[in-house]
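Beneath this line is the structure, given in structure tokens, with notes to follow.
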Amino acid sequence: MDSIELNKKLILLGHSEGGIGVLMDLANELSGVNQFDIVKNIDLPDCVFSPELYSIRHFFDFEYDFESNENLNVQFGVHHSNVKYLLYSHFLKKFGIEKERYISIIHPSSYIAPSAELGGALFLEPLSVISSYSKLGFGVSIKRSASVGHHVNLGDFVNINPRAVLSGYVNVGMGTEIGAGAVISNNVNIGSRTLIGAGSVVTRDIPDGVIAYGNPCKVVRENERWAKITY
């Protein structure tokens with residue numbers, strides 16, 4: 001689905017206090033969504049939010065009746081790439097939640113070029129830019145004031161943090177995260193499941209599965225977030 005529908009309730013899979021509040025505010029601003037069912041697959045404390053703003057219910061996955069709520073749309077309640085991937089795989093395998101069930105939440109102040117190609121389950125914060133002939137995969141997050149240049153390819157579950165700048169003809173592999181304020185030069189390829197540190201300047205290709213940072217950006221070590229995940 002390309003945009004949020006006029007449904008006042010939304011299912012959020014997983015939850016992180018750092019990101020779920022932003023998602024709820026954007027969903028409410030876009031179409032008045034004010035009820036959220038948060039479904040978690042692991043035993044973590046419930047996030048605490050202001051009760052006067054929204055109606056929020058927490059569930060474990062085995063408690064939630066997805067069949068009775070099949071008319072409700074779904075989004076991720078987390079932003080980290082590896083956690084999104086795990087949640088998507090878990091809820092697909094156990095409950096049959098297909099990609100078509102997810103919605104995209106796109107703030108109206110973001111710019112998307114007419115020639116850009118968008119996957120599902122996107123989350124685009126205010127003032128984000130998607131330039132001409134770029135291609136975004138499934139479950140991509142673009143944070144506030146981040147810029148994606150022309151002819152850029154972003155794989156599934158990529159996370160671009162605030163004020164990062166990707167120049168033209170950049171490729172970013174599945175599950176990679178680009179830190180806040182990072183700058184990626186033209187024609188650079190960044191592998192899958194990689195983390196680029198905040199403020200880095202990337203002028204050369206970066207391989208799969210690593211943490212890299214600095215100016216110029218250099219590989220530092222393996223990306224532990226993905227080390228034990230089967231993909």
Side-chain angles (χ1 to χ4, degrees), residues 16 18-19 22-23 76 78-89 106-107 110-113 115-119 121-231:
S16 66
V22 177
L23 188 146
F76 296 105
V78 299
H79 287 165
H80 280 308
S81 299
N82 61 315
V83 184
K84 272 190 179 182
Y85 173 83
L86 288 170
L87 285 166
Y88 171 72
S89 301
I106 300 174
H107 194 273
S110 58
Y111 170 75
I112 302 173
S115 57
E117 184 178 338
L118 306 182
L122 301 180
F123 182 70
L124 272 58
E125 288 192 19
L127 304 177
S128 53
V129 174
I130 311 299
S131 296
S132 301
Y133 293 99
S134 286
K135 182 177 180 180
L136 277 60
F138 177 83
V140 169
S141 293
I142 310 290
K143 306 294 182 54
R144 55 200 176 278
S145 301
S147 178
V148 174
H150 62 88
H151 297 87
V152 167
N153 289 317
L154 303 181
D156 293 347
F157 308 108
V158 164
N159 183 17
I160 309 295
N161 280 290
R163 296 189 180 278
V165 176
L166 281 65
S167 301
Y169 294 101
V170 168
N171 294 303
V172 180
M174 184 277 291
T176 285
E177 302 194 42
I178 308 295
V183 177
I184 318 298
S185 296
N186 286 317
N187 302 299
V188 165
N189 297 306
I190 299 176
S192 300
R193 310 174 306 282
T194 280
L195 173 63
I196 303 297
S200 297
V201 177
V202 186
T203 58
R204 297 182 179 179
D205 292 355
I206 303 294
D208 295 343
V210 299
I211 293 175
Y213 56 80
N215 181 8
C217 187
K218 296 180 180 178
V219 174
V220 178
R221 62 181 185 273
E222 180 185 23
N223 187 0
E224 300 89 349
R225 289 180 178 175
W226 285 91
K228 295 182 180 180
I229 297 175
T230 301
Y231 44 85

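All values below were derived from every heavy atom in this structure, side-chain atoms included, with hydrogens, water molecules and symmetry-related copies excluded.
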Spacing of [atom1] belonging to [X] relative to [atom2] belonging to [Y], to within rounding of 0.5 Å:
X: L166; Y: I184; atom1: CG; atom2: CD1; value: 5.0 Å
X: S147; Y: L127; atom1: OG; atom2: CG; value: 11.0 Å
X: E125; Y: R144; atom1: CD; atom2: CZ; value: 5.5 Å
X: H80; Y: S141; atom1: NE2; atom2: OG; value: 10.5 Å
X: K218; Y: R204; atom1: NZ; atom2: CZ; value: 8.5 Å

Donor-acceptor check, side chain of [X] to backbone of [Y], threshold 3.5 angstrom: yes or no?
X: D208; Y: S192; answer: yes
X: D156; Y: F138; answer: yes
X: T194; Y: T176; answer: no
X: N223; Y: R193; answer: yes
X: N186; Y: G168; answer: yes
X: S110; Y: S128; answer: no

Take N161 and K143, measure what side-chain hydrogen bond (donor to acceptor under 3.5 Å, both in side chains) needs, and give me the verdict at the end.
CA-CA 5 Å; N161 280 290; K143 306 294 182 54; 3.1 Å; yes
Sort out for me which residue in T203, V202, V201 forms a side chain to side chain contact (heavy atoms under 4.5 Å, CB included) with C217.
V202
With side chain to side chain contact (heavy atoms under 4.5 Å, CB included) as the test, pick out the partner of V148 among V158, L154, V129, I112.
L154
Tell me the closest heavy-atom pair linking [X] and [Y], and the distance in Å.
X: S200; Y: A212; result: OG-O, 4.2 Å
X: I211; Y: E224; result: CD1-OE1, 3.4 Å
X: S131; Y: G149; result: CB-C, 3.4 Å
X: S81; Y: F157; result: OG-O, 2.6 Å

Compare all side-chain heavy atoms of [X] with those of [Y] and state whether any distance is below 4.5 angstrom.
X: N187; Y: V170; result: no
X: S145; Y: P162; result: no
X: L124; Y: I130; result: yes
X: V78; Y: S16; result: yes
X: I196; Y: I190; result: yes
X: V152; Y: N171; result: no
X: I178; Y: N159; result: no

Derivation and outcome, side chain to side chain contact (heavy atoms under 4.5 Å, CB included), residues V210 and V220
CA-CA 7 Å; V210 299; V220 178; over 6 Å; no
Verify side chain to side chain contact (heavy atoms under 4.5 Å, CB included) between E177 and L195, making sure each step is shown before the conclusion.
CA-CA 5 Å; E177 302 194 42; L195 173 63; 3.7 Å; yes
How about H150 and Y133: are their ring centroids closer than 6.0 Å?
no
Validation row, ring centre F76 to ring centre F123 under 6.0 Å:
no
Test side chain to side chain contact (heavy atoms under 4.5 Å, CB included) on I229 and L86 and set out the steps.
CA-CA 8 Å; I229 297 175; L86 288 170; 3.9 Å; yes
Counting only heavy atoms from other residues, nucleotides and ligands, does the tally under 6.0 Å from NE2 of H79 exceed 12?
yes
